[in-house]
Amino acid sequence: MYEGDEKLKRLVQDLQNENQQLQSRNQVQLASQEQTVDKLEYRLLVEEQLKESQERFVTIFEKSRVANKIININLKMIQINDALCTMLGYSKEELLGTTILQYTHPDFIQYWHDMHEALWKKELPSFSLEACLIKKDKSQIWVLVNTIRFRDKGETLGYTALQDITERKQLDKHKDEFIATISHELKTPLTSIKSYAQMLSRYFDKLEDPKPKEMLLRMDSKVNSLTALIKDLVMASKIDSGKLTPRSEEYRIDELVSEIVNEFKTTVTTRRILLKRTESLKTKGDKFKIGQVVENLITNAIKFSADDTEIHVFLEKRNKEAVVCIQDHGRGIEKESLDHIFARFYKVKEAESNVESGMGLGLYICKGIVSNQQGRLWVNSEVGKGSVFCFSLPIIE
Ligand code: ADP
């Protein structure tokens, strides 16, 4: 072969190689171009979806008949809708930059403020309350407030929906007045019956036959139940109308629970009431009313379990909550009743039970008190084995 041919062959080979390289580089470039186009299309799609969802949010926020506001950490309103302006009678310009507490009735400012503090400190993920607002024309309006915390571009913000409940409040007021009158009218003759019974009891002491005295004692106990029922009725009516604005004080829930358990131990000898687990936990709210809840749950545990069984009381910390549980080894509650047990006037059918039944208000009242203090009340129960009633309250660390 000639030297020239050899050179030519190598040249062709080189050119072919270079061509191949160029082709594969081209393919890589093409693929990356396609990827870029894909990415761009994807970004456009995401942006479009984001825009759509923002528009949807703005429409819902703006057009909603519920008054909406977004607040910053200083409680200043940074976004509001027309419904809020109509509700308060102020213009958007007048409201933006101010706080809702400026339009709140003085009775509700402290509690609402405390709830916000707990929300910002992450003690609560959200809260709800009922409050009275004062409009520009000085008239009053009742609202149901629901607030949640969220983060936006690194900033902590709050979203609140305010619902007008003035009409319901007025109806509640009439009902309250009615119940207050009825209970007052009932209390007066009951007090007289009780004092007559006491007088008769002294008279019967002198008789040889013990029967009249026994009957009188039974009558006295019925009068006591009736008095307790009236008290429950008044309390339930207060819960319905949201009048249970809790007193706010810091207290140790473990101390409260052990005080109550000790009181029961001295007065109830037919059951062993044991404080099984406890730890030092602080909470904020109405100590007296929470005491009533614990008492009520222990009383039920006694009422619905047999003599000589044990009642266990636990207190423990679960996440940011104190959880109190009262466990009995009594008759338990049927599955179908469990869903209704906290409803007003609900009573489990007591076919062959000799337990003195109330009006079915006790657990309803307990639930009202606990949820009024941003807690929950629930039950686990098995027929024949017993029940565990638990409630939670947010703790202060
Ligand atoms: P009341 O005020 O009439 O006692 P509650 O609201 O306290 O009513 O209780 C409602 C119903 O739940 C009662 O009728 C009772 O049958 C049932 N109940 C409550 N606590 C227990 C318990 N620890 N064990 C079994 N049943 C219970």
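Worth saying up front: this structure is predicted, and the values here are computed from it rather than measured. We use all heavy atoms of the structure for the numbers below, so side chains are in, but hydrogens, waters and symmetry mates are not.
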In chain order, what residues pass the ring pair (Phe, Tyr, Trp, His ring centres under 6.0 Å) check against Y90, with sequence neighbours excluded?
-> Y103
Could you point out which residue of D254, V257, L393 forms a side-chain contact (heavy atoms from CB on, under 4.5 Å) with V324?
-> V257
Tell me, with the steps shown, if E130 and F108 meet side-chain contact (heavy atoms from CB on, under 4.5 Å).
-> CA-CA 9 Å; E130 288 181 0; F108 299 88; over 6 Å; no
Would you call E123 and K284 a salt bridge, taking side-chain N to carboxylate O under 4.0 Å as the test?
-> no
Side-chain donor/acceptor of S139 to backbone N/O of K135, under 3.5 Å | no
Can I get a per-line list of side-chain donor-acceptor pairs under 3.5 Å for residues 193-202, giving both atom names and the distance, sequence neighbours left out?
| from | atom 1 | to | atom 2 | distance (Å) |
| --- | --- | --- | --- | --- |
| K194 | NZ | D220 | OD1 | 2.9 |
| K194 | NZ | D220 | OD2 | 3.4 |
| K194 | NZ | N224 | OD1 | 2.8 |
| S195 | OG | T191 | O | 3.4 |
| S195 | OG | S192 | O | 3.0 |
| S201 | OG | K213 | NZ | 3.0 |

Please answer whether the main-chain N or O of Q292 pairs with a side-chain N or O of N296 as donor and acceptor at a distance below 3.5 Å.
-> no
Are the side chain of N319 and the backbone of E321 linked by a donor-acceptor contact shorter than 3.5 Å?
-> no
Establish whether L256 and I369 are linked, either directly or via other cluster members, by ILVMFWY side-chain heavy-atom contacts under 4.5 Å.
-> yes
Considering only NZ, NE, NH1 and NH2 on the basic side and carboxylate oxygens on the acidic side, decide whether K287 and E249 come within less than 4.0 Å.
-> no
Is it the case that one hydrophobic cluster holds both V370 and V323, taking links as side-chain heavy atoms less than 4.5 Å apart, direct or via other members?
-> no
Give a yes or no answer on whether the side chain of N74 reaches the backbone of T99 with a donor-acceptor pair at less than 3.5 Å.
-> no
V313 and Y251: same hydrophobic cluster, using ILVMFWY side-chain contacts below 4.5 Å?
-> yes
Parallel, tilted or perpendicular for F61 and Y159, by the 30°/60° rule?
-> tilted
Decide yes or no on side-chain contact (heavy atoms from CB on, under 4.5 Å) for L133 and L162, but give the supporting numbers first.
-> CA-CA 10 Å; L133 299 178; L162 300 110; 4.2 Å; yes
Smallest separation among heavy atoms of D164 and W142, with atom names | OD1-O, 3.4 Å
Hey, mind stepping through I253 and L315 against side-chain contact (heavy atoms from CB on, under 4.5 Å) and telling me if it holds?
-> CA-CA 9 Å; I253 180 96; L315 166 67; 4.3 Å; yes
Given side-chain contact (heavy atoms from CB on, under 4.5 Å), test L157 with I78 step by step and report yes or no.
-> CA-CA 10 Å; L157 301 174; I78 54 172; 3.9 Å; yes
Say whether L186 and M219 are linked into one hydrophobic cluster, either directly or through other cluster members, by side-chain heavy-atom distances under 4.5 angstrom.
-> yes
Can you tell me if D114 and Q110 form a side-chain donor-acceptor pair at under 3.5 Å?
-> yes
Which word best sums up how the rings of H312 and F314 line up, parallel for under 30°, tilted for 30 to 60°, or perpendicular for over 60°?
-> perpendicular
Evaluate the side-chain proximity of I326 to N300: yes if any heavy-atom separation is below 4.5 Å, no if none is.
-> no
Under 3.5 Å: donor-acceptor pair, side chain of S221, backbone of L217 = no
Flag the pair K63 and D82 as a salt bridge only when some basic side-chain nitrogen lies within less than 4.0 angstrom of an acidic carboxylate oxygen.
-> no
Taking T160 for its side chain and T147 for its backbone only, find out whether a donor-acceptor pair lies under 3.5 Å.
-> no
E41 and its side-chain contact (heavy atoms from CB on, under 4.5 Å) partner, picked from L44, D38, L45 = D38
Check ion pair R168-D172 (N to O, under 4.0 angstrom) | yes
R149 side chain vs K121 backbone, donor-acceptor pair below 3.5 Å = no
Verify, without hydrogens or angle tests, whether Q374 (side chain) and L124 (backbone) share a donor-acceptor contact under 3.5 angstrom.
-> no
Contacts under 3.5 angstrom, residues 15-26 side chains, donor-acceptor by atom type, not counting sequence neighbours:
| from | atom 1 | to | atom 2 | distance (Å) |
| --- | --- | --- | --- | --- |
| S24 | OG | Q21 | O | 3.1 |

Taking the side chain from N81 and the backbone from N68, do they hold a donor-acceptor pair closer than 3.5 Å?
-> yes
To the nearest 0.5 angstrom, please state how far the NZ atom of K303 sits from the CZ atom of R271.
-> 12.0 Å
If you look at every heavy atom in K92 and E62, which pair is closest and at what distance?
-> NZ-OE1, 3.4 Å
Are V293 and V268 in one and the same hydrophobic cluster, where Ile, Leu, Val, Met, Phe, Trp and Tyr link if side-chain heavy atoms are under 4.5 Å apart?
-> yes
Are any side-chain N or O atoms of S381 and backbone N or O atoms of G332, one a donor and one an acceptor, separated by less than 3.5 Å?
-> no
